[in-house]
Amino acid sequence: MNTSNIVPSKGFKGLRENWRNDVSAALTVSLVALPLALGIAVASNVSPMSGVLSSIIAGVVTTFFRGGNLTINGPGAGLIAAVLGGLAVLDGNINYVLAAIVVSGAIQALLGFLKMGRFAKLLPSSVLHGILAAIGVIIFAKQIHFALGTTSDAKNIIGTLTDAFHKIPEINPFVFSIALVGILVLVFYKNINNKFIRAIPAPMWVLLLALPIVFGFDFFTEHSIPFLGKTYTVGPNLLIDIPDNPLDSIMHPDFAMIGTFAFWLTVSSITTIASVITLASARAVDKLDPYKRTTNLNKDLIGVGLSTMVSGALGGLPIINVIVRSTVNVNSNAKTKWSNFYHGIFLILFVLILAPVLRSVPLAALAAILVHTGFKLASPKVFKHAYDQGVEQLLFLSSTLIITLFTDLLYGIIGGILVTLILHILLAKVGFISFFKKIYKSGSKVYKLENGSYDVKLKGVANFLYALQLDKLLEEIPEGSTVRIDMAQTRLVDLTIMENLIDFKRIHDNNGGDVKLIGLDNHVASTSHNRALKIITGRVKKRITKRQIRLQKVANRNGWSFQREVDWNTSYLRNFHFFDSRPIEMKSNSLQGLDVENNAQWEIADIVFDEGALLALEVYQTTVQIVRLPSPIPRFIIDKEGLFDKIFDRVKVFSGARGDINFVKYAGFSGKFQLSGEDEEAIRAFFTDDLISFLEQNETHHIESNGEALMIFKYLHIARTDEVQNMLTFSHNLLKHMNLKRHFLKIPIRK
């Protein structure tokens with residue numbers, strides 16, 4: 001748990017101390033990386049082994065130069081469109097594209113050496129998501145025909161998508177069955193709680209479940225199969241092409257086109273997209289890091305730049321920080337950057353050992369992975385998430401998407417930025433020249449107060465163009481200090497600046513400081529989201545929901561306090577293990593009171609939190625109760641136990657984590673709950689007969705102790721008013737059965 005987390009050592013000392021965790025995590029990551037690497041290469045119209053080679057280089061080269069801790073490097077879906085665009089303008093010659101990749105890597109490394117990684121912050125986040133959504137549409141359109149067993153001769157992405165509907169009667173059922181099984185696995189995998197199935201990542205299941213169809217219908221020899229009155233052809237052309245000697249896949253760049261506009265357009269696209277995704281992913285993974293470490297963004301650019309040069313020189317793809325594999329790495333309990341190195345080693349072993357099996361992988365299985373990836377990048381949830389952050393964010397995302405689809409990635413970025421700027425000028429209600437003066441000559445300052453704390457006064461227009469100046473301003477504040485950031489005199493604060501301020505608060509608070517964001521009471525936003533773009537107005541009339549009215553009445557009736565506004569103070573929630581790698585977006589609707597009988601202060605609040613980030617992002621809402629205890633208790637976590645949990649406890653023990661604490665006398669309790677914690681002896685003493693009996697008789701809740709407080713929740717949704725009352729009843733009875741007054745008496749340890 002993060003209250004006692006000791007930050008892992010760096011360098012070779014960290015390798016020696018944490019190799020078990022890192023090897024275990026790397027094995028899981030490599031099982032995800034292998035099918036993704038194959039799929040990304042096939043989608044980029046290059047040899048499948050180019051993707052695997054890129055992933056190997058990303059592991060064994062990048063690790064030694066980069067600045068991140070838990071990020072995984074490799075070829076990414078976000079660069080597929082850039083590589084395809086390069087092939088389109090460079091005569092379809094992959095060797096010319098490889099040259100552009102080498103030059104792009106050199107530019108990235110140079111940017112890192114010049115400490116220019118911070119310039120990636122100038123790209124509005126909604127524009128980045130618009131680019132990713134466009135890439136998703138491109139991937140989906142290109143791969144859906146491989147999934148259906150059809151072809152398209154359309155000249156553009158819209159035509160390719162339209163052809164997918166027109167050619168439904170031509171679907172090859174034997175190819176489509178492979179893709180359908182794969183997509184169903186990817187869609188429903190996260191809902192499967194069976195630990196045996198979860199031990200193998202979803203992309204690897206897609207490949208494994210495709211093999212019986214390949215062997216059953218003999219895809220290794222070309223022949224026709226009758227089905228429902230028609231005949232369909234299957235054969236080796238539907239399988240990925242891997243040479244007997246993997247080294248035969250190595251290609252070398254050709255710099256003959258280096259003097260052409262098309263070459264530098266390709267270099268610009270690859271460099272821009274790779275740099276932005278790399279730095280955005282690094283910042284996202286920092287939020288997931290349970291040890292709250294911060295990536296050196298410039299070193300990350302150097303690392304991916306140098307390895308991209310090596311990759312391009314050997315026939316590989318551009319290398320970036322990849323968010324899906326990084327999320328798997330964090331969730332697999334990796335400790336240091338060496339998990340990235342080990343994942344490269346595992347991929348080498350897979351190529352040497354599994355080459356015959358890989359030749360049996362059908363293109364339709366890889367297409368299923370890529371169709372799912374493309375859909376996630378441009379799914380309705382992406383647009384809803386943008387709308388939740390503000391209707392203007394949906395406009396920025398959509399305009400970037402449309403411009404990109406009808407031009408290319410670079411013009412999409414430029415167009416998205418221009419649309420964002422135009423709307424900002426209109427919302428700020430100032431002239432064109434005045435608008436830029438309010439950004440670059442705003443008069444924002446840092447003031448040191450007599451008590452040693454700091455006031456930051458932001459003025460003028462604080463939008464994405466102000467991001468670098470904001471960084472420079474905040475650099476004046478020493479680590480561990482108390483800071484108030486006052487935005488009362490800003491005309492406009494956009495989402496990018498709000499994200500940067502929240503990032504600063506997270507990092508500063510983690511280092512012992514205390515940051516308060518104030519001055520937005522007279523600003524208005526299109527949504528209640530704490531990152532939404534805000535413009536100053538007159539007195540703001542606060543909107544109150546029916547649920548908030550009911551909660552206020554309950555609070556008045558019982559003498560509790562109720563605060564409906566967004567509360568920035570969520571640092572205490574990060575003292576619970578559950579939020580180690582789940583960034584908290586916002587807290588609101590906070591009820592607070594006192595459990596008089598148990599002498600315990602409690603709070604019930606609505607929490608919005610994330611799992612994963614970017615492509616892997618899942619946003620959850622729940623209502624959580626925090627109970628501050630009158631005396632310390634052991635740290636522990638109680639959750640529902642699954643069928644295969646005991647098997648996987650052995651894996652945990654191998655990696656250094658603690659397994660389930662079982663009570664022989666209480667088989668019902670041990671079968672129903674998974675109990676874990678640091679001090680097993682203290683936990684066994686704490687769980688009395690009475691407490692165990694109470695928990696056995698009640699529904700399963702997530703209950704976590706950080707030693708000083710309990711966090712309890714049951715619902716992964718915002719609780720109704722009656723459910724709030726049920727939460728209070730449960731916690732009250734739980735504390736009674738804990739019998740805190742007796743805790744420090746000599747209690748026999750229960751087996």
Side-chain angles (χ1 to χ4, degrees), residues 35-36 38-45 48 77 80 136-192 194 197 200-242 356-380:
L36 289 180
L38 293 169
I40 289 166
V42 169
S44 302
N45 280 350
I80 291 173
V137 173
I138 293 168
I139 293 171
F140 185 93
K142 292 288 187 180
Q143 291 300 307
I144 190 65
H145 289 281
F146 287 99
L148 300 176
T150 58
T151 58
S152 171
D153 297 322
K155 303 295 184 184
N156 56 56
I157 294 301
I158 305 302
T160 306
L161 273 175
T162 305
D163 277 355
F165 293 99
H166 292 160
K167 299 206 172 185
I168 287 177
E170 300 176 23
I171 289 175
N172 184 324
F174 304 99
V175 173
F176 179 61
S177 63
I178 293 171
L180 180 62
V181 169
I183 290 171
L184 290 175
V185 167
L186 294 166
V187 169
F188 292 105
Y189 179 82
K190 66 181 180 182
N191 299 321
I192 299 173
N194 186 303
I197 292 176
I200 300 175
M204 187 56 73
W205 274 117
V206 173
L207 303 193
L208 292 175
L209 293 176
L211 294 180
I213 300 175
V214 169
F215 282 93
F217 292 101
D218 188 16
F219 276 52
F220 305 102
T221 56
E222 185 167 339
H223 62 287
S224 297
I225 305 175
F227 182 73
L228 296 179
K230 293 185 178 181
T231 57
Y232 300 91
T233 302
V234 299
N237 62 309
L238 298 175
L239 305 177
I240 64 174
D241 182 20
I242 293 180
V357 178
L358 295 178
R359 294 188 192 99
S360 305
V361 171
L363 293 170
L366 300 180
I369 295 171
L370 290 161
V371 164
H372 182 257
T373 298
F375 179 80
K376 285 192 72 175
L377 283 170
S379 73

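Sequential numbering from 1 along the given sequence is applied to the chain's residues. Computed from a predicted model, the values in this text were never measured in an experiment.
Applying the side-chain hydrogen bond (donor to acceptor under 3.5 Å, both in side chains) definition to pairs two or more places apart or across chains, none involves residues 226-241. Counting only residues at least two apart or in different chains, side-chain hydrogen bond (donor to acceptor under 3.5 Å, both in side chains) contacts with residues 201-223 comprise Asp218-Thr221. Annotation: side-chain hydrogen bond (donor to acceptor under 3.5 Å, both in side chains) contacts involving residues 174-190, sequence neighbours excluded, comprise Lys190-Glu618.
The CD1 atom of Ile240 sits 4.5 Å away from the CG atom of Leu38 when rounded to the nearest 0.5 Å. The CG atom of Asn172 lies 13.5 Å from the NZ atom of Lys167; values are rounded to the nearest 0.5 Å. Here the CD1-CG distance, from Ile168 to Asp163, works out to 11.5 Å after rounding to the nearest 0.5 Å. For the atom pair CG of Leu370 and CG of Leu377, the computed distance is 10.5 Å after rounding to the nearest 0.5 Å. One finds the CD1 atom of Ile138 at 13.5 Å from the CZ atom of Phe140 (value rounded to the nearest 0.5 Å). For the atom pair CD1 (Ile178) and CG (Leu238), the distance works out to 8.0 Å, reported to the nearest 0.5 Å.
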Exercise. Could you walk me through whether Leu211 and Val357 pass the side-chain contact (heavy atoms from CB on, under 4.5 Å) check?
Worked result: CA-CA 9 Å; Leu211 294 180; Val357 178; 4.0 Å; yes
Exercise. Is there a side-chain contact (heavy atoms from CB on, under 4.5 Å) between Val187 and His372 once you walk through the steps?
Worked result: CA-CA 8 Å; Val187 169; His372 182 257; 4.1 Å; yes
Exercise. Passes side-chain contact (heavy atoms from CB on, under 4.5 Å), Val214 versus Phe220? Steps please.
Worked result: CA-CA 8 Å; Val214 169; Phe220 305 102; 3.6 Å; yes
For this session: Report the C-alpha distance between Leu366 and Leu207 in whole Å, list the side-chain angles of each, state the deciding distance to 0.1 Å, and finish with yes or no for side-chain contact (heavy atoms from CB on, under 4.5 Å).
Result: CA-CA 8 Å; Leu366 300 180; Leu207 303 193; 3.9 Å; yes
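Residues Gly182 and Val206 approach most closely at O-CG2, 3.6 Å, considering heavy atoms. Across Gly159 and Ser152, no two heavy atoms sit closer than the pair O-OG, 4.5 Å. The minimum heavy-atom distance between Leu239 and Ser360, with the atom names listed, is CD2-O, 3.7 Å. Ile40 approaches Ala77 most closely through the heavy-atom pair CD1-N, 3.7 Å. Pairing each heavy atom of Ile80 with each of Ser44, the nearest pair is CG1-OG, 3.7 Å. Listed here is the closest heavy atom pair of Val42 and Pro48: CG2-CG, 4.0 Å.
By the 4.5 Å heavy-atom criterion applied to side chains, Ile242 and Val361 are not counted as neighbours.
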Anything under 3.5 Å between a donor and an acceptor, one on a side chain of residues 144-151, the other on a protein residue two or more places apart or in another chain? List them.
| residue | atom | partner | partner atom | Å |
| --- | --- | --- | --- | --- |
| His145 | ND1 | Thr150 | OG1 | 2.8 |
| His145 | NE2 | Thr160 | O | 3.0 |

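Under the ring-ring contact (aromatic ring centres under 6.0 Å, His included) criterion, Phe174 pairs with Phe217, Phe227, not counting sequence neighbours. In this structure, the side chain to side chain contact (heavy atoms under 4.5 Å, CB included) partners of Asn45, at least two apart in sequence or on a different chain, are Leu84, Leu87.
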